[in-house]
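Read the structure below first, then the notes.
Ligands are counted one by one from 1 in listed order, and the atoms in each one are counted from 1 as well. Keep in mind that the numbers below use all heavy atoms, side chains included, and drop hydrogens, waters and symmetry copies.
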Amino acid sequence: MNTTGFPLDVAGRDLGDLLDRAKVPAGDGPPLLGSLVGGSAVAPQGEGTVRISPATGQPLFRAGDESTSVVEAAVARARSSFDTGRWGRASGRDRARVLARTAQLIEARADDLAELVVLETGKPIREARGEVAAAVNAFEYFSGLARDVNGRTVRDIDASVFAFTVREPAGVAGLIIPWNFPLGILGQKLPPALAAGCTVVVKPSPLTPLTALAVVSLLYEAGLEPDAVSVVLGEGPAGAALVAHREVDVVSFTGSTATGRHIAAHAGSQRLKRVALEAGGKTPVLVTANADLDEVVAGLTFAAFFNQGQVCVAGSRILADTSVADELGERLAARAAGLVLGDPWSEATQMGPLISQQHFDGVSAAIETSRQEGVRVLAGGAPSAPEATGARPFLAPTVLATDDDGSTAAREELFGPVTVVQSFTSLDEAVTRANASAYGLAASVWSNDLREALDLTLRLRTGTVWINGSTDAFPELPLGGRRDSGYQAEFGREGMEFFTENKTVQVGRTRRKDWYTA
Ligand code: NAD
């Protein structure tokens, strides 16, 4: 195996230069990656763990699980960059220009970055291109906001006081990223943090560090001073070290509810720290008797199986009016059975493999549990045909049916290509059952009756509701959960505000009387 360059010669194109900064010299075996601290690679201790690409079934890279000293070094760089004002006090225009240039560099390398996304996640190339485009969009949007970080003025409290508020950058931000949209979710956190004037330590998922290393390399190329952003590789403890670190001012996390709970419990251990938690979901999809079933079937096939269902807002629990539920289940099952699984690089492919064999085993086990619970399998429910898949962890798109709200399928986030169809007999019942979920990330409502759709929407207790739509996210719109889906939205002005602190300034307008003698 080639160890001098990154063996990323997909379709005859060498993508290795995107990762040049992070490569460290190593002997035989897959290339070894180091953390990027202050712009340079830090070699991991030991040989590193081999990551198998779900797209190829072959070893892709080796990476270390960083010791606390690397986290310390990265935080120290970020602290210094912030405290000396090299980034935190750069003008809004200067910050905007770095982000805008980065958007251009990402766009210029869009095809290569999409290949990297495919290699590290296994998702189909068409979806990977969409993920890169979403990151460009986010860098562009927050580039604009970087010039518009403002407080407010309060003039008329009384004649003696004039006041204003200042939004200041929060300081050093720790960003903890999951594997399902490694580039997309980096785009939700890194541009607003930098736009606000924070300096940053990124901790990507150990399964998918490549795009984070590549995009941060492009940020340096765009003129970012290297201490302002570091990337620390590693597993949970590296993230936990960021959460606990006294010099990290805020942490923005996306990942599972279990990890989110852990972070919430530890965020105050060394100092009181604000955290943003984007955790799991189980999105209820309400389909009323007034819905257009053709549109619903097409929309929900995408909502359930896009990114192999590894989507926090996937349409994984469909609650349909009893008059349409059976037909919807059958038609959804037929569409699912017809989806094209296979080579992620083929333009015709609609679903790729899951992220890892371990995740495949977990989702498969949950499907088996569902069978034992008496849930009906309308489509899928098994590994897809071996001749179509080779050694990679492909799972057939699966449609289940049950009216048992206590079942695993109706209750738990399976985070795979699995959706369950349930039926309801009244809209009140549908809302009550949807709101009984432990999760509160998102919901969707399908109805051609505007009043009905709006009424349902206002009664659902989730952070986002789509009417006749699903899964879309835009940098202009806040995206965040409630209950076990976490708190503090990201994206939009609200998302950027998280990376700032308020300061209230009161200006005495008149000479003060002496309280004790007056
Ligand atoms: P995960 O919780 O296992 O890991 C997420 C990140 O947290 C990784 O970088 C991991 O190394 C790190 N981590 C693990 N333990 C930690 C600890 N104790 N302290 C600090 N960091 C720690 O999640 P995952 O499997 O990578 O991602 C899938 C999950 O992400 C799903 O539950 C999904 O719903 C959720 N998700 C949520 C959203 C959202 O916007 N709400 C978006 C995408 C994914």
Got a list of side-chain donor-acceptor pairs under 3.5 Å for residues 196-205, not counting sequence neighbours?
residue	atom	partner	partner atom	Å
Thr199	OG1	Ala78	O	2.8
Lys203	NZ	Gly234	O	2.8
Ser205	OG	Leu207	N	3.1

Give every donor-acceptor pair under 3.5 Å between a side-chain atom in residues 352-359 and any protein atom, sequence neighbours left out.
residue	atom	partner	partner atom	Å
Ser356	OG	His359	N	3.0
Gln357	NE2	Asp361	OD1	3.1
His359	NE2	Phe415	O	2.7

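Phe253 and Phe498 have their aromatic ring centers separated by at least 6.0 angstrom.
Within the structure, the ring pair (Phe, Tyr, Trp, His ring centres under 6.0 Å) test picks out no pair touching residues 462-495 (sequence neighbours left out).
Side-chain atoms of Arg483 come within 3.5 Å of backbone atoms of Ser437 as a donor-acceptor pair (strictly under, hydrogens ignored).
Side-chain polar atoms of Glu120 and Trp179 form no donor-acceptor pair below 3.5 angstrom.
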Between ligand 1 and the protein, give all atom pairs where both partners are nitrogen or oxygen and the distance is under 3.5 Å, as lines of names plus distance to 0.1 Å.
residue	atom	partner	partner atom	Å
ligand 1	2 (O)	Ser256	N	2.9
ligand 1	2 (O)	Ser256	OG	2.8
ligand 1	2 (O)	Thr259	OG1	2.7
ligand 1	9 (O)	Ile177	O	2.8
ligand 1	9 (O)	Lys203	NZ	2.9
ligand 1	11 (O)	Lys203	NZ	2.5
ligand 1	18 (N)	His262	ND1	3.3
ligand 1	19 (N)	Ala240	N	3.3
ligand 1	23 (O)	Ser256	N	3.3
ligand 1	25 (O)	Trp179	NE1	2.9
ligand 1	26 (O)	Trp179	NE1	3.3
ligand 1	30 (O)	Gly255	O	3.3
ligand 1	32 (O)	Glu413	OE1	2.7
ligand 1	34 (O)	Glu413	OE1	3.4
ligand 1	34 (O)	Glu413	OE2	2.5
ligand 1	41 (N)	Ala279	N	3.4
ligand 1	41 (N)	Ala279	O	2.7

